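So the structure is just underneath, and the comments pick up after that.
Please read these numbers as outputs of a predicted model, since none were measured by experiment. By convention in this document, chain letters (A, B, ...) are assigned in the order of the sequence lines, proteins followed by strands, and residues within each chain are numbered from 1.
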2 protein chains.
Amino acid sequence: MPTTLKDIARELNISVSTVSYALHGGTRKIPDQLREQVRETAVRMNYRPNRLARSLVTGRTNTIGVVPPVLDDDVFLSPYLRMAWNSIVNEAEKLRQDLLLLTASDRTRAADSIDDLVDSRIDGLLFVAPSVEAKPFERLTELQVPYTLMSAGGNAPGPHFGVDNNQGVRLAVQHLMALGHRRIAHIGGPDSSYDAIMRKSTFDQLVREYDLPLFDGQSQHGPWTRESGEARLVELMKLAHPPTAIFAGNDDLAIGVLGRAFEMGIRVPDKLSVIGFDDAGFLAYGLPGLTTVRQPLPELAALAVRSLVDFIATQSVPADLELPATLVVRESTGPAYLTP
Amino acid sequence: MPTTLKDIARELNISVSTVSYALHGGTRKIPDQLREQVRETAVRMNYRPNRLARSLVTGRTNTIGVVPPVLDDDVFLSPYLRMAWNSIVNEAEKLRQDLLLLTASDRTRAADSIDDLVDSRIDGLLFVAPSVEAKPFERLTELQVPYTLMSAGGNAPGPHFGVDNNQGVRLAVQHLMALGHRRIAHIGGPDSSYDAIMRKSTFDQLVREYDLPLFDGQSQHGPWTRESGEARLVELMKLAHPPTAIFAGNDDLAIGVLGRAFEMGIRVPDKLSVIGFDDAGFLAYGLPGLTTVRQPLPELAALAVRSLVDFIATQSVPADLELPATLVVRESTGPAYLTP
DNA sequence: TAAACTATGTGAAACGTTTCGATAAGGATG
DNA sequence: CATCCTTATCGAAACGTTTCACATAGTTTA
């Protein structure tokens, strides 16, 4: 039985509306003396505004819903999401927005379930790396729900903020080529990911553009996991002419490659160069640090949050933005090892 | 302008209450035919219940507020929190609870600010690794707010779920002693952390209990960071008789030690054994693999969430629980190197 | 001095639910 | 036939706010 405005009003023998004005006084002016008295009483009585009631009448909640990617069970274990989520939290705190986590609870029919997310409890929706299958964003526009997408790739519907995959992949391939590599493989992410698709297709395109040698299993899709990286490496090393360099679609995959390479006695970067993507904050000790393409996740997350808040406030759709990637050279890449 | 119960009622020429009963029918029976008709209309009109309004009257929100530890800026970058948060999310989803993230927005006076967290929007509060300074949990009891604590150590007020630090530390020290180590140092966490305090005091006690040699800087407090681990190692190695083994209060610290040891050319585990605490998952990769004391974070998180939900439902305070730690032996510990 | 402000305050509607207590009609019971 | 259950439905209160329209009373303006 928490204190309400009515309780304060009764205590002071004034009306509820006066109390409301005194505490959150916007348009109305309340004499200083009374206002102080009200405030004092509010504190004394442990008054806490009921935000449900407030939101019900104002229509605003100052809360944004975050929809994580639909992966397997342990979504938040992903280094990418860890980084993204941390930045989202930071930015939301700055903008004084609360965060409601919307997990895709028991939705087999993931597609239509967007309806379930739309709720009077949130002002807008932030999708983090949504999967390609999740089409029904038009539905959101129809329902008048502001939303932004973080890391969704160029062909995603709606205002999205991501890295320039094209430029990033180019950075990686050019870095490898500058080191003399020509036989380069790509271990990519799942084809439900916008980023994975973009990175793979850019890679494929660059191979043609630079006239690099083609070989079996050169460019593959798979889950964004360390295990996938390990498995792919094993396959690639079975080839008669294995690649001298591997461009992994994200850091997890790259770490898998690195770990398995060590186990197989393949020295990195002497015999094999490995480059990742994301720079999601892996720390190395005792193994070569991972050369990778840095995606400005903190900036992207902040951008996605800020734009969403703007969207909500102004009701006008924000403009997309792709930020450039940067190359972070560590020790996992080196001059190409050329068989004599 | 979303559809409301009133809209449906008007459409069908029936009363609002009938619609409500038909859709979420509890006590009242509605004839099957009418019920179907109502449901159909609801779907057709894109009806979505307004949860604010519902909660306002029922007093339940099915949402629990999560309060992360007050660390520096990037709270969610911590491997511990990543693990904990992931498990919290999983369990909450199972129990169909939504999660509202309550960040400690601009509170200089962190102590009293618990009030700000108490909100009609949540049914209960889950504190993750609260700091020792945050005293005012009595206030919560006073305000009748159900809450549980995850990883708060034995002397924390309120129902808490954590690892058995005492037993865990014992595991670590005994493991090292079994390998012949006697000169053992402890690099601990900040003294704002219940866990850090417990681990340090247990360590100190064990040193006495087993009559291990004492030396300067043997047991220290510091932030839970890799940098702290690095710095401490450097100091310890300046000693005339450096320790042969280091027990780090968490994995971050241990990784710092490992990394710096590698740089300094101190071979692990040949010259130095290192053991961590948490086993919070791989954000660091490298060699040798870190021997550590595993804290069952997923289970603890699930427990904390479940107990909170119970607490909310039954209004009776759940019982504390400490789960045992387990030893995970990898390659960073080995037989003691004894100076000839 | 009448009209028009200003300052201060009140009352009540509205937000969208849930749920309690009617009510009316019909059927069964005595 | 009067009474008492059911059954099907409704109206209205309540949850705690915000905010608009109105009501005083005192003060300025013409």
Starting from C1' on C:dT17, measure out to CZ on A:Arg121 and report it in whole angstrom.
15 Å
When rounded to the nearest 0.5 Å, the distance separating CD1 of B:Ile8 from CG of B:Leu5 is 6.0 Å
May I ask you to say what A:Leu34 touches in the nucleic acid, namely base, sugar-phosphate or nothing, with a heavy-atom cut-off under 4.0 Å?
sugar-phosphate
Should the pair A:His24 and A:Tyr47 be assigned to parallel (<30°), tilted (30 to 60°) or perpendicular (>60°) ring geometry?
tilted
Just checking, is any N or O donor in the side chain of A:Asp123 or A:Thr61 under 3.5 Å from an acceptor N or O on the other one?
yes
Whole Å only: how far is the NZ atom of B:Lys6 from the C1' atom of C:dT17?
11 Å
Separation of atom CZ in A:Arg60 from atom P in C:dC15, rounded to whole Å:
19 Å
Upstream residue (5' side of DNA chain D) when B:Pro31 and B:Leu56 are each assigned their closest nucleotide:
B:Pro31
For a quick check of understanding: with a heavy-atom distance under 4.0 Å over all strands, which category does B:Ser20 fall into, base, sugar-phosphate or nothing?
base
Would you classify B:Arg48 as touching base, sugar-phosphate or nothing, given that sugar-phosphate means primed atoms plus P, OP1 and OP2, and contacts are heavy atoms under 4.0 Å?
sugar-phosphate
For a quick check of understanding: with a heavy-atom distance under 4.0 Å over all strands, which category does B:Ser17 fall into, base, sugar-phosphate or nothing?
base
For A:Asp7 and D:dT17, what is the distance between atoms CG and P respectively, to the nearest whole Å?
9 Å
Is the shortest side-chain N to carboxylate O distance from B:Arg48 to A:Asp119 below 4.0 Å?
no
Classify the nucleic acid contact of B:Asn13 as base, sugar-phosphate or nothing, counting any heavy atom under 4.0 Å across all strands shown.
sugar-phosphate
Rounded to whole Å, please give me the gap between CZ in B:Arg51 and P in C:dT18.
12 Å
Please report the distance, rounded to the nearest Å, between CG in B:Leu5 and C1' in D:dC10.
14 Å
B:Asn50 CG to D:dC15 P, straight-line distance once rounded to whole Å
18 Å
Under 4.0 Å between a side-chain N/O of A:Tyr47 and OP1 or OP2 of D:dT17, yes or no?
yes
Donor-acceptor pair present, A:Ser15 side chain and C:dG9 base, under 3.5 Å:
no
Heavy atoms under 4.0 Å, any strand shown: does A:Ile14 hit a base, just sugar-phosphate, or nothing?
sugar-phosphate
Quick note, B:Val16 side chain, CB onward, closest among D:dT17, D:dC10, C:dT18 is C:dT18
Mapping B:Thr18 and B:Val57 to their closest nucleotides on DNA chain D, which lands nearer the 5' end?
B:Thr18
Please give, in whole Å, the distance from C:dT8 P to A:Ile30 CD1?
9 Å
Do other residues, nucleotides or ligands put more than 12 heavy atoms under 6.0 Å from the CD atom of B:Gln315?
yes
